[in-house]
Amino acid sequence: MTPEDPVKDPVILKDLNLKDLNLKDLLSKAPVLPVITLHHLEQAVPLAEALVRGGLTNLEITLRTPVALKVIQRIAEEVPEAVVGAGTVTHPRDLEAVSKAGGRFAVSPGATPALLAEAAQGDLPLIPGIMTPSEAMTAHDAGFEVLKLFPAEPAGGRALLKAIGGPLPALSFCPTGGIGPATFRDYLKLDNVICVGGSWVAPEEAVLAGDWSRITDLATATHE
Ligand code: 3PG
């Protein structure tokens, strides 16, 4: 074993930050990360299947409703083509709950020191939320290279991401918040954007109406 061998040397493996490498790989598989808030457990599987049919296989279920963890569990168990994670992760204790439910990643609107510390020592990949260079640098110092720009549009949108890319080229982003069908492609053109998060691919009225084919069409349109 030589110190230069990243596969065999666990110290170097740790330095490479495997969690970030995996996240980059995962997020680049689909242009949009649907942000989903469900109130009814029975909608979980048909919604996930509708999005997967439209080619969006990474799903973010926000922890904003009492059924959210059960939704994650149900999708993890019954929709094997989907990679389901949790959004609105705001407290360190959420990470264990998400892992137990079968979630594969976590997304946060922010980057508190407690959340970063807990995620850095655990196995569940976290995408911390930032909206300033200092927050991005804090997250980077804690070992995170894939970040969520939130709320993307109010924070400065594409112009902000472009400006941050100069001094902080190691960071990649999943901008989320205020992005829709008219603007997401412009974000994806930026070198430091891996994917775009948004709720527009699963509109609440379509979910409530069980209009799964409309949701598949919206998902399909993101990579046509
Ligand atoms: C959220 O946390 O609700 C996400 O940022 C989704 O934002 P959007 O509804 O503007 O896509």
Side-chain angles (χ1 to χ4, degrees), residues 23 26-27 30-40 43-44 47-48 50-51 54-69 71-72 75 82-91 94-95 97-98 103 105-112 115 119 125-132 135-136 139 144 146-161 164 172-188 190 192-209 211 214-223:
L23 266 180
L26 173 70
L27 294 180
V32 174
L33 178 62
V35 177
I36 298 161
T37 300
L38 283 189
H39 296 271
H40 304 288
Q43 294 163 339
L47 174 59
L51 289 163
L56 299 184
T57 46
N58 299 326
L59 309 178
E60 175 186 331
I61 308 299
T62 68
L63 300 185
R64 296 183 204 171
T65 66
V67 295
L69 287 170
V71 167
I72 290 170
I75 294 172
V83 179
V84 63
T88 320
V89 169
T90 57
H91 194 280
D94 294 338
L95 296 168
V98 170
F105 61 91
V107 186
S108 178
T112 64
L115 187 62
L126 172 72
I127 306 168
I130 65 96
M131 64 176 284
T132 67
E135 291 166 359
F144 297 84
V146 177
L147 310 176
K148 166 175 172 165
L149 174 67
F150 179 80
E153 282 284 300
R158 292 179 72 246
L160 175 60
L161 286 161
I164 279 187
S172 301
F173 294 90
C174 176
T176 308
I179 302 174
T183 51
F184 80 96
R185 285 188 181 83
D186 288 335
Y187 278 91
L188 291 171
L190 297 175
N192 58 355
V193 169
I194 312 182
C195 69
V196 162
S199 61
W200 85 90
V201 286
E204 193 178 3
E205 71 275 10
V207 173
L208 287 175
D211 191 351
R214 179 174 165 219
I215 288 170
T216 296
D217 289 346
L218 286 166
T220 304
T222 65
H223 51 87

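In this text the structure is predicted, and so the values were computed from the model without any measurement. Whatever order the structure lists ligands and atoms in, that order sets their numbers, starting from 1.
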Notebook entry, point to check: Where the side chain of Ser108 meets the backbone of Val89, is there a donor-acceptor pair that is under 3.5 Å apart?
Noted result: yes
Check: Nearest heavy-atom pair of Ala68 and Thr62: which atoms, and what distance?
Finding: CB-O, 3.2 Å
Notebook entry, point to check: Are the side chains of Leu161 and Pro175 in touch, meaning some heavy atoms are under 4.5 Å apart?
Noted result: yes
Margin query: I'd like to check Leu33 versus Phe105 (side-chain heavy atoms, cut-off strictly below 4.5 Å). Are they in contact?
Written below: yes
Item checked: Nearest non-hydrogen partners of Ala86 and Glu60, listed with the distance -> C-CG, 4.0 Å
Next item on the list: Below 4.0 Å from any atom of ligand 1, which residues have a heavy atom? Give them in chain and number order, please.
Entry: Val35, Arg64, Phe150, Thr176, Gly177, Gly178, Gly198, Ser199
Next item on the list: Would you give the length of the straight line joining atom CG of Leu115 to atom NE2 of His91, rounded to the nearest 0.5 angstrom?
Entry: 9.0 Å
